[in-house]
Amino acid sequence: MDASGLPGRRELPIHRPLMTSPAAAEPILKTSHLLGIEGLSVEEITGLLDLAERYVALNRGASKKIDLLKGRTLINLFFESSTRTQSSFELAGKRLSADVMNMSVKSSSVSKGETLVDTATTLNAMRPDMLVVRHQDSGAAELLSHKLDCCVVNAGDGSHEHPTQALLDALTIRRRRGGFEGLIVAICGDVLHSRVARSNIHLLLMMGARVRLVAPRTLLPADADRFGVEIFHDMEKGLAGVDIVMMLRLQLERMSGAFIPSTREYFRFYGLDHQKLKVAKPGALVMHPGPMNRGVEIDSAVADDIEISVIQEQVEMGVATRMAVLDALSRGLATEGRPARVARKGEGAP
Ligand code: CP
């Protein structure tokens with residue numbers, strides 16, 4: 001146990017103090033949006049994680065606020081429910097001194113039939129600098145990135161990608177294990193419907209980890225054998241010798257048929273408990289992106305075991321990671337404002 005009180009944490013390098021002047025900051029991302037992990041380079045991911053480390057230090061201090069995004073506007077537009085992602089983007093924006101607006105989709109004109117693009121272009125006309133969007137359709141964030149002239153951040157699109165979740169997972173792993181090279185990570189459960197799994201597979205393979213998918217055949221994508229991962233249908237075999245067990249939520253709301261016999265059966269074969277964990281490497285870490293279905297994909301005794309579960313640490317890393325993402329994207333923003341946008345053909349007016 002180290003001075004931070006967290007077991008197994010490596011000594012971290014001393015990071016430079018946070019800069020508050022965007023003009024002085026080096027670019028980290030090559031693009032003006034964060035739409036997915038696919039397409040990012042190792043250097044971009046490493047740059048974001050290094051920057052996030054500095055925000056972890058800031059967030060652990062008494063004063064958590066800097067003026068980096070003073071005068072900038074961030075809009076959170078969530079078409080699906082969220083606890084962790086929405087609140088951490090809100091906190092991240094506020095700690096960087098941006099004006100943050102959470103758009104409540106339920107009470108917006110979406111309930112009157114307004115489309116995603118019309119809603120987003122309406123908000124875009126209010127001149128935000130960044131729009132964080134979660135939507136039930138894969139590709140929604142990318143679509144908006146072509147239509148809007150602010151930075152778009154994908155906070156989860158259908159079963160496609162959830163890039164900031166993979167980045168915060170990576171930060172958690174790197175802090176605990178020092179790196180990724182040679183680590184064996186088992187991603188277990190409902191891979192089929194999971195954007196978290198897709199983003200993590202891209203990131204972990206790129207950074208040199210070995211990835212196993214452990215799931216019933218019905219909960220694996222048909223093309224999973226082309227992902228460059230090892231596939232297991234049996235938890236005992238799939239968890240043997242792994243360094244990290246990443247559990248996934250069973251996404252019952254995305255299932256329109258019988259993917260599993262019952263949640264009781266599912267827990268028996270695929271729910272993580274201490275018994276199934278015995279075959280993993282001693283000290284293997286347990287992760288879960290949340291929200292958890294206790295007694296379905298994970299036993300409470302494992303989820304709440306502070307010797308092995310880093311689930312709350314993932315949440316903490318989420319704020320720092322999202323601050324790093326907003327910081328990195330802000331480096332590409334014009335400092336003198338932008339011209340009024342002329343609506344392109346085919347874009348609906350509110
Ligand atoms: N992990 C995650 O995306 O959680 P929320 O749905 O609460 O944002």
Side-chain angles (χ1 to χ4, degrees), residues 34-38 48-49 52 59 74-95 100-106 130-141 152-173 175 185 187-204 219 244-255 272 285-294 296-298 302-304 309-326:
L34 180 66
L35 304 176
I37 296 297
E38 192 176 20
L48 285 172
L49 298 183
N59 289 338
L74 166 72
I75 298 182
N76 274 327
L77 178 60
F78 279 59
F79 290 82
E80 282 186 339
S81 54
S82 167
T83 299
R84 282 144 284 265
T85 313
Q86 181 167 344
S87 54
S88 59
F89 266 116
E90 181 178 355
L91 267 184
K94 287 179 173 170
R95 286 183 183 174
V100 182
M101 187 187 90
N102 288 315
M103 183 74 203
S104 169
V105 167
K106 277 200 184 88
M130 300 180 194
L131 180 84
V132 177
V133 63
R134 169 172 287 189
H135 197 272
Q136 59 276 13
D137 293 340
S138 300
V152 175
V153 183
N154 182 5
D157 62 328
S159 55
H160 176 228
E161 280 233 37
H162 192 349
T164 56
Q165 179 69 45
L167 287 165
L168 75 87
D169 291 341
L171 184 63
T172 310
I173 293 172
R175 289 174 67 81
V185 182
I187 302 179
C188 309
D190 187 359
V191 181
L192 180 66
H193 300 101
S194 178
R195 52 201 178 206
V196 174
R198 268 169 197 73
S199 290
N200 265 301
I201 291 167
H202 285 307
L203 188 149
L204 290 165
L219 292 179
I244 313 272
V245 184
M246 196 180 276
M247 298 307 298
L248 298 173
R249 183 171 68 86
L250 194 61
Q251 299 195 32
L252 294 165
E253 77 279 12
R254 295 192 206 275
M255 297 183 190
L272 188 68
L285 299 177
V286 174
M287 305 179 75
H288 192 304
M292 285 183 278
N293 292 311
R294 291 170 182 264
V296 178
E297 71 263 357
I298 191 164
V302 170
D304 300 333
S309 168
V310 291
I311 295 169
Q312 294 310 318
E313 199 173 319
Q314 287 173 267
V315 177
E316 182 192 358
M317 295 307 126
V319 181
T321 299
R322 285 157 183 141
M323 290 169 86
V325 166
L326 298 180

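Indexing begins at 1, ligand by ligand and atom by atom, following the structure's order. These numbers come from the heavy atoms of this one structure, side chains and all, not from hydrogens, waters or symmetry mates.
- Note on ligand 1: Gly156 sits outside its first shell, no heavy atom being nearer than 4.0 Å.
- Listed by number with element, the atoms of ligand 1 under 4.0 angstrom from any heavy atom of Thr85 are 2 (C), 3 (O), 4 (O), 5 (P), 8 (O).
- Side-chain contact between Gln314 and Arg84: absent, with no pair of heavy atoms (C-beta onward) separated by less than 4.5 Å.
- Of all the heavy atoms in Thr321 and Thr164, the pair that sits closest is CG2-O, 4.0 Å.
- If you check each of Gln86, His288, Arg84 against atom 4 (O) of ligand 1, the one with the closest non-hydrogen atom is Arg84.
- Paired with Ile173 under the rule side chain to side chain contact (heavy atoms under 4.5 Å, CB included), one option of Leu204, Asn200, Leu49 passes, and it is Leu204.
- Under a 4.0 Å criterion applied to the non-hydrogen atoms of Thr83, ligand 1 contributes the atoms 5 (P), 7 (O), 8 (O).
- The shortest N/O to N/O separation between Gly290 and ligand 1 falls below 3.5 Å.
- For the 3.5 Å distance criterion, the side chains of Arg134 and His162 qualify, holding a donor opposite an acceptor.
- A salt bridge is defined here as a Lys NZ or Arg NE, NH1 or NH2 lying under 4.0 Å from an Asp or Glu carboxylate O, and Arg294 with Asp304 meets this definition.
- Of the options Glu161, Glu38, Glu80, a salt bridge (charged side-chain N to carboxylate O under 4.0 Å, His left out) to Arg195 is made by Glu80 and by none of the others.
- For His162, the heavy-atom gap to ligand 1 drops under 4.0 angstrom.
- Which parts of ligand 1 touch Gln165 is read off a 4.0 Å heavy-atom cut-off, strictly below it: atoms 1 (N), 2 (C).
- Summary of contacts: the protein heavy atom closest to atom 6 (O) of ligand 1 is Arg134 NH1, 2.9 Å.
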